[in-house]
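Single-structure report; data block below.
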Amino acid sequence: YLFYDMFDDKTRVRRIHFHEFIHDFQLRMHKIQAEVPPSLSHLNSVELTALELSTTTSVLCLDECQLVDVADAFILSQVLQMMFRLGTVVVITSNLAPDQIFNEDEWLQKTVYWINSYCSLHDMESATDHRRNCVLLAHGSFYHVGNMPSSTPSIVDTREFTVVEIGFGRSLEIPLGPTGYFSFEELCCQNDWGSLEYRTIGISYEEIVLTNLPKLSIDNDLPQAKLDHAKRFILLMDELYEAKVRLRCENAEVKPECVFNIPATSEESTSHKMKIPIIETERATSRLIEMTSAKGWQRQTNLRSPQVR
């Protein structure tokens with residue numbers, strides 16, 4: 001953000017979260033297929049959309065790039081190739097260095113190649129997690145462990161729903177009202193949701209109440225379904241944080257700093273080889289702590305964008 005903010009004229013400078021960028025790019029890609037002039041018929045839809053983007057953007061800042069999804073890598077590798085060749089400046093932040101991505105997929109490797117070929121890598125790691133520090137300075141928390149008297153169950157039972165279009169002919173049924181009431185099972189287990197669904201939920205509410213958050217394990221030997229629950233929770237925290245949502249957790253199984261059960265065999269040198277990198281769980285944990293802290297609530301209220309439905 002500091003790099004982006006240094007530009008006085010942001011006409012041709014774009015800063016966007018990685019998942020939002022991929023979603024917007026896909027929407028434009030589908031529209032542009034019907035508008036291809038004969039002179040550009042040799043380009044595929046990804047290259048055409050990247051070409052259009054480069055004509056309006058001189059500096060592209062991608063926040064929190066996650067090179068774990070093959071479909072995203074298919075798009076990103078071609079976008080980077082096109083933009084680098086046309087002279088567009090690309091600034092990317094990520095929790096993992098490109099060479100820490102151990103995946104044999106062709107498109108992931110191509111993405112790593114383009115980043116390593118055209119980008120200078122800078123380690124921005126800090127010894128202090130300021131999101132966790134905010135709790136020490138706050139006077140209260142909206143994160144509650146264990147069973148406690150609450151009106152949330154009765155509210156959940158009487159919710160009314162509305163249908164929201166989220167693109168690509170897909171829709172999402174979400175509760176009405178300024179506060180969204182959800183259980184962990186509903187958000188991360190019962191539905192095969194991803195960043196698009198969680199982003200829609202995030203921008204639809206001023207406050208979200210999450211109930212029955214369990215302890216999550218990321219052991220590689222777990223069934224994929226269990227790992228998917230943890231992956232979805234990480235995505236959920238990313239999108240709610242980006243949407244500046246006030247988060248309240250009720251009847252959680254463990255304290256926020258203990259939500260993820262890290263295998264004892266996860267040595268620092270091999271942690272990036274896990275199906276769910278430990279650094280992603282650390283990011284999700286710190287965001288969970290901030291979003292449920294009193295200081296975090298105040299911050300989200302001050303920064304909340306006018307996107308709430």
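As a basis for the values below, the full set of heavy atoms in this structure was taken, side chains included, without hydrogen atoms, waters or symmetry mates.
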Fill in the blank from the handout: dist Ile92:CD1 -> Cys119:SG (nearest 0.5 Å) comes out at 5.0 Å
Problem - Cluster overlap Val254 with Ile218, hydrophobic side-chain contacts below 4.5 Å - result: yes
Problem - CG on Leu240 to CG on Leu210, rounded to 0.5 Å - result: 8.5 Å
Practice task
Ignoring hydrogens and angles, tell me if any N or O in the side chain of Thr179 forms a donor-acceptor pair with the backbone of Ile208 under 3.5 Å.
Solution key: no
Problem - Gap separating the OG atom of Ser171 from the CD1 atom of Ile166, nearest 0.5 angstrom - result: 7.0 Å
Problem - Within 6.0 angstrom of Lys255 NZ, more than 12 heavy atoms from elsewhere - result: no
Handout entry: Residue pair Ser77 / Trp107: nearest heavy atoms and the distance that separates them
Key = OG-CE3, 3.0 Å
Handout entry: Sub-4.5 Å side-chain heavy-atom contact between Leu288 and Tyr143
Key = yes
Problem - Nearest-0.5 Å distance, CD of residue Gln81 to OG of residue Ser117 - result: 10.5 Å
Exercise for the section: For the pair Asp5 and Arg15, find out whether any cationic side-chain nitrogen is under 4.0 Å from an anionic carboxylate oxygen. Expected result: no
Practice task
Step through the shown structure and confirm whether more than 12 heavy atoms of other residues, nucleotides or ligands are within 6.0 Å of NZ on Lys10.
Solution key: yes
Handout entry: salt bridge (Lys or Arg N to Asp or Glu O under 4.0 Å) between Glu186 and Arg232, intermediate numbers included
Key = CA-CA 11 Å; Glu186 185 178 9; Arg232 292 186 194 120; over 6 Å; no
Practice task
Please examine the side chains of Tyr241 and Leu247, heavy atoms only from C-beta on, and report whether any two atoms are closer than 4.5 Å.
Solution key: no
Exercise for the section: Output the distance between atom NZ (Lys244) and atom CD (Glu206), rounded to the nearest 0.5 Å. Expected result: 14.5 Å
Exercise for the section: Could you walk me through whether Glu20 and Arg199 pass the salt bridge (Lys or Arg N to Asp or Glu O under 4.0 Å) test, one step at a time? Expected result: CA-CA 8 Å; Glu20 184 179 357; Arg199 186 181 313 120; 5.1 Å; no
Problem - Which atom of Thr292 lies closest to which atom of Cys249, heavy atoms considered - result: CG2-SG, 4.1 Å
Handout entry: Candidate pair Lys215 and Glu253, rule salt bridge (Lys or Arg N to Asp or Glu O under 4.0 Å), full reasoning
Key = CA-CA 6 Å; Lys215 192 176 185 67; Glu253 186 177 307; over 6 Å; no
Exercise for the section: Answer with yes or no whether the hydrophobic clustering places Phe161 together with Leu172; edges join I, L, V, M, F, W, Y residues whose side-chain heavy atoms lie under 4.5 Å apart. Expected result: no
Exercise for the section: Any chance you could lay out the ring-ring contact (aromatic ring centres under 6.0 Å, His included) test for Phe84 and Trp114, step after step, and finish with the verdict? Expected result: CA-CA 8 Å; Phe84 287 146; Trp114 286 111; 7.0 Å; no
Exercise for the section: Give a yes or no on whether a salt bridge exists between Arg170 and Glu197, defined as a side-chain N under 4.0 angstrom from a carboxylate O. Expected result: yes
Practice task
Using a 4.5 Å cut-off on heavy atoms from C-beta on, say whether the side chain of Leu51 contacts that of Leu86.
Solution key: yes
Problem - Test side chain to side chain donor-acceptor pair (under 3.5 Å) applied to Gln78 and Asn44, Thr49, Thr111, the passing residue - result: Asn44
Problem - Arg248 and Glu207: CA distance, side-chain angles, deciding distance, salt bridge (Lys or Arg N to Asp or Glu O under 4.0 Å) verdict - result: CA-CA 8 Å; Arg248 177 153 50 97; Glu207 176 186 336; 3.1 Å; yes
Problem - Student check: side-chain heavy atoms of Thr281 and Ile262 closer than 4.5 Å - result: yes
Problem - Side-chain (Tyr205) to main-chain (Pro175) donor-acceptor, under 3.5 angstrom - result: yes
Fill in the blank from the handout: On a heavy-atom basis, the closest approach of Ala230 and Ser217 is CB-O, 4.2 Å
Completion exercise
Heavy-atom nearest pair, Ser54 first then Thr88, reads CB-OG1, 3.7 Å
Problem - Glu160 atom CD, over 12 foreign heavy atoms within 6.0 Å - result: no
Completion exercise
In this structure, CG of Leu76 is separated from CD1 of Ile22 (nearest 0.5 Å) by 6.0 Å
Problem - Considering all heavy atoms, the nearest Thr285-Glu257 contact - result: CG2-CA, 3.8 Å
Handout entry: Steps toward side chain to side chain contact (heavy atoms under 4.5 Å, CB included) verdict (Phe25, Val79)
Key = CA-CA 10 Å; Phe25 192 93; Val79 169; 3.5 Å; yes
Exercise for the section: Measure up the Trp297 and Phe142 rings against each other and bin them: parallel (under 30°), tilted (30 to 60°), perpendicular (over 60°). Expected result: parallel
Problem - Non-hydrogen side-chain atoms of Arg12 and Thr57 separated by less than 4.5 Å - result: no
Exercise for the section: Indicate yes or no: at least one non-hydrogen side-chain atom of Leu187 is less than 4.5 angstrom from one of Phe233. Expected result: no
Problem - Minimum heavy-atom distance Ala284-Met237, with the two atoms named - result: O-CG, 4.0 Å
Handout entry: Residue pair Leu216 / Asn261, side-chain heavy-atom distance below 4.5 Å
Key = no
Practice task
Considering only NZ, NE, NH1 and NH2 on the basic side and carboxylate oxygens on the acidic side, decide whether Lys226 and Asp219 come within less than 4.0 Å.
Solution key: no
Problem - Side chain Ser94, main chain Cys65, donor-acceptor under 3.5 Å - result: yes
